[in-house]
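Single-structure report; data block below.
Proteins get letters first, then strands, A, B, ... in listed order; numbering begins at 1 in each. Bear in mind the structure is a predicted one, so any value in this text is a computation, not a measurement.
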Number of protein chains: 2
Amino acid sequence: MKILLLEDDTVLSSILIDFLSETYSVTHTYSMKEALSLSEENSYDLYIFDINVPDGDGITLLRELRSFHDETPTIFITAFHDISYLKKAFESGANDFIRKPFDLEELYGRIENIKRHFGLFNIVKLGDAMELNTQTHLLTCKDKTEHLTQKESELLLYLYKHKNRVISTDELLQNLWNYEELPSSDAIRTLIKELRKYVGREHIINIRGEGYKFE
Amino acid sequence: MKILLLEDDTVLSSILIDFLSETYSVTHTYSMKEALSLSEENSYDLYIFDINVPDGDGITLLRELRSFHDETPTIFITAFHDISYLKKAFESGANDFIRKPFDLEELYGRIENIKRHFGLFNIVKLGDAMELNTQTHLLTCKDKTEHLTQKESELLLYLYKHKNRVISTDELLQNLWNYEELPSSDAIRTLIKELRKYVGREHIINIRGEGYKFE
DNA sequence: CTTACTCACAAAAAATTTTTGTCAAAAGTA
DNA sequence: TACTTTTGACAAAAATTTTTTGTGAGTAAG
């Protein structure tokens with residue numbers, strides 16, 4: 001899931017980037033203008049805007065975006081006191097807000113909540129550079145989008161969910177097929193071959209006699 | 001068998017060295033004085049002296065040597081005409097002579113004849129640097145003398161006689177033992193091990209599954 | 001006491017088996 | 001039909017096992 005973060009406080013932004021990057025793909029900017037151009041050039045799944053930034057405010061930015069029918073869900077960050085903006089924020093199309101100082105876990109909860117709301121729960125970040133939509137089976141990787149088949153997608157997701165652990169062929173068969181329609185292990189081998197074309201050989205490692213490991 | 005050759009004619013000496021080196025160990029010198037000092041420093045099995053050399057003559061040299069009880073067999077080389085020296089030569093202790101120009105095979109025959117006479121037939125040249133006395137089992141190598149056991153000596157001789165050919169363990173067993181007392185192939189392995197200590201690993205090469213080759 | 005040989009085990013090389021990678025193509029599915 | 005899934009054949013790679021060779025110690029015979 002791709003997040004566009006607008007935050008001018010260097011300390012806070014670095015904390016946020018560190019935290020959010022564990023789970024999402026984060027693009028960060030200090031200025032409203034850049035945020036605007038970034039949102040035009042790319043497509044994001046979530047905006048997180050600080051209300052007060054040097055060259056404007058998040059509310060104006062959001063109003064602008066919404067006028068172009070950009071319905072990307074948006075969370076505002078606001079100073080504890082400054083709840084005066086609240087009403088305006090929601091009027092301009094905000095979906096949630098969070099007051100500084102805040103607990104990172106709270107932010108995480110709110111993001112997950114929005115994901116649920118907007119049906120984004122099936123976008124999974126794989127490593128630093130890739131994202132997989134587990135419904136459409138689209139794999140996004142450095143602006144390039146690949147169309148995986150369903151099985152490829154399932155296998156990739158399974159490997160990712162158990163990354164850094166060696167997973168045997170049998171385990172994969174057990175978990176990705178039902179008992180009546182187990183294929184031979186040949187099927188896994190060809191799937192692995194295909195996946196490697198997309199995610200790169202270096203990420204799917206074979207441990208002889210044991211299985212495969214996603215890194 | 002080690003030969004000391006005294007011959008000042010460069011053409012003839014190079015021919016002689018080439019020919020004799022195939023069978024014997026040859027040390028060559030142009031001058032009588034050097035011949036004298038060489039004979040004192042080393043021990044040779046045969047002298048081949050030209051009667052006429054720049055700084056003296058072979059006869060004087062031989063007389064000198066004999067006076068020190070050096071009984072090394074000696075062959076003189078003399079010009080066809082100048083048989084006048086003949087008597088003096090024999091008186092001074094020569095064992096044979098050969099007249100220029102001569103056939104190399106003739107020289108070879110005379111040398112072999114002397115070997116027979118003096119019981120030197122069991123000295124065999126191995127490669128460029130070694131000699132094996134097949135009776136005493138003494139292996140001479142760069143001034144160092146090693147005492148081989150009988151079997152070591154027999155094996156080395158067999159290998160040498162068939163050098164550059166791969167010889168199987170079975171062939172060695174067949175040829176170096178009699179039928180009733182064939183040892184196991186272990187015996188060969190230990191003999192090879194010992195021989196390699198003497199002649200150097202590089203000269204006895206193993207061809208896996210086939211045998212050993214002397215080079 | 002030396003020699004000839006055997007034995008046990010280490011080291012090296014080769015042969016064999018197992019596992020994995022790859023491709024083409026068959027079979028299944030919408 | 002077009003696409004996904006699976007299979008099967010074979011190549012490539014890795015591991016295992018077997019065979020051969022090297023080495024030192026030790027024994028028996030002369």
Quiz: residues 201-212 of chain A side-chain donor-acceptor pairs under 3.5 angstrom, not counting sequence neighbours:
unit_1, atom_1, unit_2, atom_2, d
A/His203, ND1, A/Val199, O, 2.8
A/Asn206, OD1, A/Arg208, N, 3.4
A/Asn206, ND2, A/Gly211, O, 3.4

For DNA chain D, determine which residues of [range] have any heavy atom closer than 4.0 angstrom to one of its atoms, and list them numerically.
| range | result |
| --- | --- |
| residues 204-214 of chain A | A/Arg208 |
| residues 148-157 of chain A | A/Thr149, A/Gln150, A/Lys151 |
| residues 174-198 of chain A | A/Trp177, A/Pro183, A/Ser184, A/Asp186, A/Ala187, A/Arg189, A/Thr190 |

Check: Does the side chain to side chain contact (heavy atoms under 4.5 Å, CB included) test come out yes or no for A/Ser25 and A/Glu131, once each step is laid out?
Finding: CA-CA 8 Å; A/Ser25 307; A/Glu131 280 190 356; 2.9 Å; yes

Item checked: Working for side-chain hydrogen bond (donor to acceptor under 3.5 Å, both in side chains), residues A/Ser168 and A/Asp170 -> CA-CA 5 Å; A/Ser168 71; A/Asp170 276 353; 5.5 Å; no

Output all residues satisfying salt bridge (charged side-chain N to carboxylate O under 4.0 Å, His left out) with [X], sequence neighbours left out; order by chain, then residue number.
| X | answer |
| --- | --- |
| B/Lys125 | none |
| B/Asp186 | B/Arg189 |
| B/Lys213 | B/Glu215 |
| A/Arg63 | none |

Next item on the list: Take A/Asn133 and A/Leu139, measure what side chain to side chain contact (heavy atoms under 4.5 Å, CB included) needs, and give me the verdict at the end.
Entry: CA-CA 6 Å; A/Asn133 187 319; A/Leu139 179 70; over 6 Å; no

Next item on the list: Take the protein atom CG of B/Leu172 and the nucleotide atom P of C/dC5, then report the distance between them rounded to whole Å.
Entry: 13 Å

Notebook entry, point to check: Are there more than 12 heavy atoms of other residues, nucleotides or ligands under 6.0 Å from atom OH of B/Tyr198?
Noted result: yes

Check: Excluding sequence neighbours, so at least two apart, what forms side-chain hydrogen bond (donor to acceptor under 3.5 Å, both in side chains) with B/Asn178?
Finding: B/Glu181

Check: According to the salt bridge (Lys or Arg N to Asp or Glu O under 4.0 Å) rule, which pairs have a member within residues 6-29 of chain B, sequence neighbours left out?
Finding: none

Notebook entry, point to check: What are the bounds, 5' to 3', of the part of DNA chain D that sits under 4.0 Å from heavy atoms of chain B?
Noted result: D/dT19 to D/dG24

Next item on the list: Name all pairs fulfilling the ring-ring contact (aromatic ring centres under 6.0 Å, His included) condition that reach into residues 146-174 of chain B, sequence neighbours left out, sorted by first residue then second.
Entry: B/Tyr158-B/His162, B/Tyr160-B/Phe214

Notebook entry, point to check: For B/Leu138 and B/Leu148, what are the C-alpha separation, side-chain angles and deciding distance, and is it a side chain to side chain contact (heavy atoms under 4.5 Å, CB included)?
Noted result: CA-CA 6 Å; B/Leu138 287 172; B/Leu148 305 193; over 6 Å; no

Next item on the list: Identify whether any heavy atom of B/His147 sits under 4.0 Å from a base atom; if not, whether one sits that close to sugar-phosphate; answer base, sugar-phosphate or nothing.
Entry: sugar-phosphate

